[in-house]
Amino acid sequence: MLETPRDPATSHYEHPAAGLRRRDLDPDPIKQFANWFTSAIEAGIRDVNAMSLATAGRDGKPSVRILLLKGFDQDGFVFFTNYLSEKGRQLEENSYAACVFYWIELDRQIRISGRAEKTSREESERYFHSRPIGSQLGAWASRQSEVLDARRVLDARMAEMTERYGEGPVPLPPHWGGYVVKPETIEFWQGRSNRLHDRFRYTRQPDGSWQIERLAP
């Protein structure tokens, strides 16, 4: 095996004793998410909205990457991307997705799974034009997930887009926009000592209500 500066098998972190009780939970998982998200902001966690997003195409092979949550409400959790990217192509073939937030400073993890649907073009346009001009131009310049021969190809495309749209306004690319992950399950994980963590899973019921269950760690 390759030598590493530190053997991953020896890595050890003892979780604090404070836990999570059922009576601490809001009956609505979106409100519970908002409570934990607010606590993470107040704790000063950097990139508090960073989440892992897992998708799989028709072949069932999973793919995961980190991106940024850009909004959430009772409809679901919103992010934006290039629709022609790997994740966009996979979501076209298989609309199920899973998201994970991990805030080690608070010993908390949140798992979300459900179907992803495209946001309206109006919502995508509002967010697109709230971005810095460089990011707007970059959305036109980068054919996300495409193989590049060299960095200069990307730089040349950026220069071309800057010349074309640099004076603004930059139009929303037809291949760029948002998705909303409509949750079917949401799990809240709180670290505990001896790896006996607290886990509560919300599952959406046919009538729209939520069932809460404690899971073994």
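FYI, side chains are in, hydrogens and waters are out, and symmetry mates aren't considered; it's all heavy atoms of this structure.
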Determine the minimum heavy-atom distance between [X] and [Y], stating which atoms define it.
X	Y	answer
Ala141	Leu154	O-CD1, 4.0 Å
Tyr102	Gln109	CD1-CB, 4.1 Å
Thr81	Lys87	OG1-NZ, 2.9 Å
Pro183	Gly76	CD-CA, 3.8 Å
Ser85	Asn82	OG-O, 2.7 Å

Please verify the inter-ring angle class for Phe80 with Tyr127; under 30° counts as parallel, over 60° as perpendicular, anything in between as tilted. parallel
Can you say whether the rings of Tyr165 and Trp140 are parallel (under 30°), tilted (30 to 60°) or perpendicular (over 60°)? tilted
Decide whether [X] and [Y] meet the rule of one side-chain donor and one side-chain acceptor closer than 3.5 Å.
X	Y	result
Arg164	Thr162	no
Ser63	Thr55	no
Ser95	Glu117	no
Gln74	Asp28	yes
Arg131	Gln136	no

Separation of Thr185 OG1 from Arg204 CZ (nearest 0.5 Å): 10.5 Å
Rounded to the nearest 0.5 Å, what separates atom CG in Leu91 from atom CZ in Arg115? 11.0 Å
Taking atom CD of Glu167 as the centre, does the number of heavy atoms from other residues, nucleotides or ligands within less than 6.0 Å exceed 12? no
Any ion pair linking Asp198 and Arg21 (charged N to carboxylate O, less than 4.0 Å)? no
Taking Arg201 first and then Glu187, would you say they form a salt bridge - that is, a charged N and a carboxylate O separated by under 4.0 Å? no
Among Tyr202, Phe200, Phe33, Trp103, exactly one meets ring-ring contact (aromatic ring centres under 6.0 Å, His included) together with Phe188. Which residue is that? Tyr202
